Amino acid sequence: MSRDGDGQASRSYPPLPERLPVDVFDSHCHLDIVETPVDEQLKSAKAAGITRIVTIGCDLPSSRFAVDAADEFDDVYAAVAIHPNETTGISDAVLADIELLAAHPKVRAIGETGLDYYRDWAPKDDQHRSFRGHIEIAKRTGKALVVHDREAHDDVLAVLDEVGPPDTVVFHCYSGDARMAGICAERGYLMSFAGNVTFKNAEPLREALKAAPLDLLLVETDAPFLTPIPHRGKPNASYLIPHTVRAMAEVKDVDLAELCAAIAANGERAFGSW
């Protein structure tokens with residue numbers, strides 16, 4: 001959603017990159033707002049070595065879309081939640097609807113939920129109430145928790161401590177520094193890196209990536225946003241993940257196939273058997 005990304009300067013999609021040596025998956029995208037039919041997105045993703053996609057809910061309509069897409073397509077999985085920017089006046093009934101959607105077997109996560117102090121679209125009290133409610137839903141349903149954390153690192157970690165995290169926590173579009181990566185590692189939280197790790201001004205994010213253990217790494221697009229270099233400014237889609245993974249391997253100084261295998265294994269551990 002535009003709440004997360006830096007916009008789409010052009011609607012022409014970049015060319016297909018070289019296929020990855022080991023298949024990985026896209027841990028976080030918004031299939032509902034990528035301007036290509038889902039079946040076409042899946043076809044191009046598979047050609048690049050991206051064999052699974054987790055599509056994310058940000059409100060009730062997009063959460064329902066995620067469930068429907070996962071129901072229709074074998075290689076699509078869903079996450080359902082109310083984005084922190086959409087939490088103004090959030091009710092118990094809305095949270096109950098999210099929990100009902102979470103009962104679907106192809107819903108593998110509760111997200112994206114969390115705190116966003118960059119935007120002022122929702123009062124902090126409502127964001128906190130919603131975040132706590134989603135954490136409890138994740139624990140009751142046994143699903144992973146996908147966390148949106150934008151300029152709210154300390155409070156996000158504090159709420160997780162206070163409420164008690166579910167077994168699996170994923171920091172979507174990881175945006176903390178190396179120190180926070182160490183804290184996440186100590187607590188077993190997965191860190192999912194997006195295309196912005198390739199941006200010229202993202203050296204602190206690359207330092208965080210260096211500090212993140214291989215067994216806690218995921219990769220995502222947040223498509224249609226955060227398109228990686230060399231195509232920044234173009235619309236993003238799952239098939240462009242190879243650019244991000246290759247940059248991550250260079251930053252981590254690890255073999256590309258080794259990183260891909262780790263991401264694939266981490267994903268199955270986090271989201272369950274595909």
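Scope of the values below: all heavy atoms of this structure, side chains included, with no hydrogens, waters or symmetry mates. Fair warning: this is a prediction, and the values are worked out from it, not measured in the lab.
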| Criterion side-chain contact (heavy atoms from CB on, under 4.5 Å) on Leu20 and Arg246, from CA distance to verdict | CA-CA 9 Å; Leu20 290 169; Arg246 287 188 166 92; 4.0 Å; yes
Between [Y] and [X], is there a side-chain heavy-atom distance shorter than 4.5 Å?
X	Y	result
Val163	Lys139	yes
Pro165	Tyr189	yes
Thr88	Trp121	no
Asp177	Glu207	no
Ile50	Val24	yes
Arg150	Ser175	no
Ser273	Glu268	yes
Met180	Phe171	yes

Taking [X] for the side chain and [Y] for the main chain, is one N or O donor matched with an acceptor at less than 3.5 Å?
X	Y	answer
Thr141	Ala102	no
Asn196	Leu226	no
Lys252	Ala212	yes
Asn266	Leu214	yes
Gln41	Thr36	yes
Gln127	Thr87	no
Lys234	Pro14	no
Thr198	Ile229	yes
Tyr117	Asp120	no

| request: Given side-chain contact (heavy atoms from CB on, under 4.5 Å), test Val197 with Val251 step by step and report yes or no. | output: CA-CA 10 Å; Val197 76; Val251 169; 5.6 Å; no
Does atom [atom1] of [X] have more than 12 heavy-atom neighbours from other groups under 6.0 Å away?
X	atom1	result
Asp161	CG	yes
Glu18	CD	no
Arg269	CZ	yes
Asp167	CG	no

| field | Lys NZ or Arg CZ of Arg232 over Phe199 ring: under 6.0 Å, within 45° | value |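 Output yes; distance and angle both within limits.
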| field | Arg108 to Tyr77 six-membered ring, cation-pi geometry met (6.0 Å, 45°) | value |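 Negative - Arg108 is either too far from the ring of Tyr77 or too far off its axis.
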Kindly compute the distance separating [atom1] ([X]) from [atom2] ([Y]), expressed to the nearest 0.5 Å.
X	Y	atom1	atom2	answer
Ile263	Leu190	CD1	CG	11.0 Å
Asp97	Ser91	CG	OG	7.5 Å
Phe131	Leu145	CZ	CG	5.5 Å
Leu60	Phe65	CG	CZ	15.0 Å
Ser63	Leu100	OG	CG	12.0 Å
Ile53	Phe73	CD1	CZ	10.0 Å

Grouping I, L, V, M, F, W and Y whenever their side-chain heavy atoms are under 4.5 Å apart, do [X] and [Y] come out in a common cluster?
X	Y	answer
Val170	Val219	yes
Val159	Tyr174	yes
Leu95	Val67	yes
Met248	Val254	yes
Leu259	Phe25	yes

Closest approach of [X] and [Y], non-hydrogen atoms and distance?
X	Y	value
Ala208	Phe193	C-CZ, 4.3 Å
Gly267	Leu218	N-CD2, 3.7 Å
Asp74	Lys106	O-NZ, 3.1 Å
Ala185	Met191	N-CE, 4.2 Å
Ala48	Tyr239	CB-O, 3.4 Å
Leu115	Ala152	CB-CB, 3.7 Å

| request: Would you please test Asp222 and His30 for side chain to side chain donor-acceptor pair (under 3.5 Å) and show each step? | output: CA-CA 7 Å; Asp222 200 21; His30 300 278; 3.0 Å; yes
| Test applied, side-chain contact (heavy atoms from CB on, under 4.5 Å); reference residue, Glu112; option that passes from Asp149, Ile56, Ile82, Val80 |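 Exactly one candidate clears the test, Ile56.
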| task | On the 0 to 90° scale, with breaks at 30° and 60°, tag the His28-His172 ring pair as parallel, tilted or perpendicular. | result |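 If you compare the ring of His28 with that of His172, the planes turn out parallel.
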| Taking it one step at a time, do Asp75 and Lys46 satisfy salt bridge (charged side-chain N to carboxylate O under 4.0 Å, His left out)? | CA-CA 10 Å; Asp75 298 326; Lys46 286 181 181 178; 2.7 Å; yes
Between [X] and [Y], does at least one N-O distance fall below 4.0 Å, as a salt bridge requires?
X	Y	answer
Asp92	Arg129	yes
Asp155	Lys124	no
Glu40	Lys43	no

| request: Give the C-alpha distance, both sets of side-chain angles, the deciding distance and a yes or no for side-chain contact (heavy atoms from CB on, under 4.5 Å) between Thr227 and His243. | output: CA-CA 9 Å; Thr227 310; His243 294 297; over 6 Å; no
| Given Val34 and Cys29, is the side-chain contact (heavy atoms from CB on, under 4.5 Å) satisfied, shown in steps? | CA-CA 9 Å; Val34 177; Cys29 76; 5.8 Å; no
| task | Show the numbers, then the answer: is there a side chain to side chain donor-acceptor pair (under 3.5 Å) between Asn236 and Thr221? | result | CA-CA 7 Å; Asn236 201 5; Thr221 55; 4.7 Å; no
| side chain to side chain donor-acceptor pair (under 3.5 Å), paired with Glu99, selected from Arg140, His134, Lys143 |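 Exactly one candidate clears the test, Arg140.
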